[in-house]
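Lettering follows sequence order; numbering is per chain, from 1. Just so it is clear, the model here is predicted, and its values are computed rather than measured. Note: hydrogens, waters and symmetry copies are ignored here, and every other heavy atom, side chains too, is used.
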Amino acid sequence: MIGLLDCNNFYASCERAFNPKLEGQPIGILSNNDGCVIARSNELKPYVPMGMPAFKIPPHIKKKITLLSSNYELYGDMSQRVFSIVQEYIYDTELYSIDEAFLHLQNKQNATEYCIALRKIIHQCTGIPVSIGLSLTKTLAKIANHVAKKNTDYQGVYFLNPDHPAFASILQQFPVTEIWGIGRRLSVKLSNMGIQTAWQLRNCDAHFLGKQFSVVMERTILELRGIPCIDLEGTHTLKKNIMTSRSFGNATNDFHDLEDIVRIHASRGAEKLRSQHSLAQAVLVFLKTNRFHKIKSQYHPSIAIPLLYPTSDTREIIQAAQNGLRRIYKKNYLYQKAGIMMLDIVGQDKNQLNIFSNTNTDEAKKRSEILMQTLDNINKKMGRNKIAFGATKSTASWNLKRNHLSQRYTTRWDELPVVKAV
DNA sequence: TGGGGATGT
DNA sequence: ACATCCC
């Protein structure tokens, strides 16, 4: 039995857990740089569609609602609290996103009751409401989760049983657009073929549509029939690419700004590599101008710099990234975004010696490992970027815009919630 | 007017 | 070296 646990309106619920005044209010959380609405409380949903840019919200609506900058430090910590409880009660879990986890439930008989109890504990300990969908496959568990959220009769847990008579009618009412793995583009194509509901897709020729679209489509159809094709992924599955990027608060064409930015992303990328015990064989650097400025000329360059040997050493990754930056930078453009990607990732055991390199001797390799480990340990203990390569002004104009940030209630001593006894 | 991925051509 | 698709 597969479960999908999903926190309800997660970001909004995190804000409410520490600010009860927001209870029952229409609130929205904004993306980085206070750009788009990326999370909404139920009360906001009728007024503001998902993903709407903040500047497009009509003023008379804006007056009546609360918009907050995203506070990932808070959400990340609350996420850990929720899932550490989940993992106390369920051994086999896959953390799928900041607010979702797939669960593998051994005992089919009492799964629903067990999940109802788990849900209560999570709410009691964290203040976060969650919904749990149960079924035979991940794709069906996702649908079950929608049912659990929509229908208040179920106490937040619903078991979608393919053998139950209700199964067909639930899938008949479920639009293809909302199926996990079917997005806007695909649902338009399916709609043109006359396929509009999950039930219709379930009854299609999986092999034929697999050829027409992709293996992903084929698996989705089989999963809709209750045949598991997508396993739970353990923490051991290595990422094949690692990207870190960010849009700027203000566009810039200053080369030194871009060097700072690329260095920060390269350091972060190297950290991510080390945290999954892998090495990259190439680093890709990219820049982007603002794609919404139709009039100004656009430039979206990228370049992949091969590394001499697989590495996760911050210094070498920074070197490569800055070489790449130098080669793609042109001063006549205003850049809005920059980032790096780690490519051709391999396991740490692939760190073979290279006879052509005097920086990859056994001795140098050991020293690099010790240095990086020390760096990671200090930053883990003292806070991200406590120790870094090169200094960066914290007032730089390209820094994130976050004008409506709430307190980081759970991770900063000076931002703890204050209780007043009257 | 977001960030992070996988996969296709 | 992109482009497309998805969450």
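- When rounded to the nearest whole Å, the span between CE of A:Met50 and P of C:dC7 equals 12 Å.
- Under a cutoff of 6.0 Å and an axis angle of 45°, A:Lys337 and A:Phe248 do not form a cation-pi pair.
- Comment: A:Glu271 does not engage A:Arg274 in a salt bridge, judged by the lack of any side-chain N to carboxylate O separation of less than 4.0 angstrom.
- Across residues 30-40 of chain A, A:Ser31, A:Asn32, A:Gly35, A:Cys36 each have a non-hydrogen atom less than 4.0 Å from an atom of DNA chain B (numbered order).
- Within 4.0 Å of A:Lys401, counting heavy atoms only, lies no atom of the nucleic acid at all.
- Between A:Lys56 and A:Asn241, the residue whose closest nucleotide on DNA chain B is further toward the 5' end is A:Lys56.
- Under 4.0 Å is where a charged nitrogen must lie from a carboxylate oxygen, and between A:Arg402 and A:Asp34 no such pair does.
- The C1' atoms of C:dC6 and B:dG2 are separated by 14 Å, rounded to the nearest whole Å.
- Residue pairs meeting the side-chain hydrogen bond (donor to acceptor under 3.5 Å, both in side chains) criterion with at least one partner in residues 11-26 of chain A, sequence neighbours excluded, are A:Glu15-A:Tyr75, A:Glu15-A:Ser406, A:Arg16-A:Glu43.
- In summary, A:Asp414 and A:Arg412 do not engage in a salt bridge, as defined by a charged side-chain N under 4.0 Å from a carboxylate O.
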Side chains of residues 51-67 of chain A: which donor-acceptor partners sit under 3.5 Å, not counting sequence neighbours?
{"unit_1": "A:Lys62", "atom_1": "NZ", "unit_2": "A:Ala54", "atom_2": "O", "d": "3.3"}

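- In this structure, A:Thr244 reaches the sugar-phosphate backbone alone: every heavy-atom distance under 4.0 Å involves primed, P, OP1 or OP2 atoms, never a base.
- Here OG of A:Ser97 is found 7.0 Å from CG of A:Asp6. Values are rounded to the nearest 0.5 Å.
- The interatomic distance linking A:Arg219 (CZ) with C:dC6 (C1') rounds to 14 Å, in whole Å.
- A:Ile328 places its CD1 atom 12 Å from the P atom of C:dA1, with the value rounded to the nearest Å.
- Across all strands, A:Ile179 comes closer than 4.0 Å only to sugar-phosphate atoms, never to a base (heavy-atom distances).
- If you take NZ of A:Lys142 and P of C:dC7, they are 8 Å apart, rounded to a whole angstrom.
- Backbone-only engagement by A:Gly181 is indicated by non-hydrogen atom pairs under 4.0 Å involving sugar-phosphate atoms exclusively.
- Residue pairs meeting the side-chain hydrogen bond (donor to acceptor under 3.5 Å, both in side chains) criterion with at least one partner in residues 125-142 of chain A, sequence neighbours excluded, are A:Asn8-A:Ser131, A:Glu94-A:Lys138, A:Glu100-A:Lys142, A:Thr139-A:Glu223.
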Side chains of residues 278-287 of chain A: which donor-acceptor partners sit under 3.5 Å, not counting sequence neighbours?
{"unit_1": "A:Ser278", "atom_1": "OG", "unit_2": "A:Leu273", "atom_2": "O", "d": "3.4"}
{"unit_1": "A:Ser278", "atom_1": "OG", "unit_2": "A:Gln276", "atom_2": "NE2", "d": "2.8"}
{"unit_1": "A:Gln281", "atom_1": "NE2", "unit_2": "A:Asp344", "atom_2": "O", "d": "3.2"}

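- Contact footprint of chain A on DNA chain B: nucleotides with an atom under 4.0 Å from a non-hydrogen protein atom, first to last in 5' to 3' order, B:dT1 to B:dT7.
- Residue-level contact check: A:Ile303 touches neither bases nor backbone, having no heavy atom under 4.0 Å from any strand.
- Using a 4.0 Å heavy-atom cutoff across all strands shown, A:Ser70 reaches no nucleic acid atom at all.
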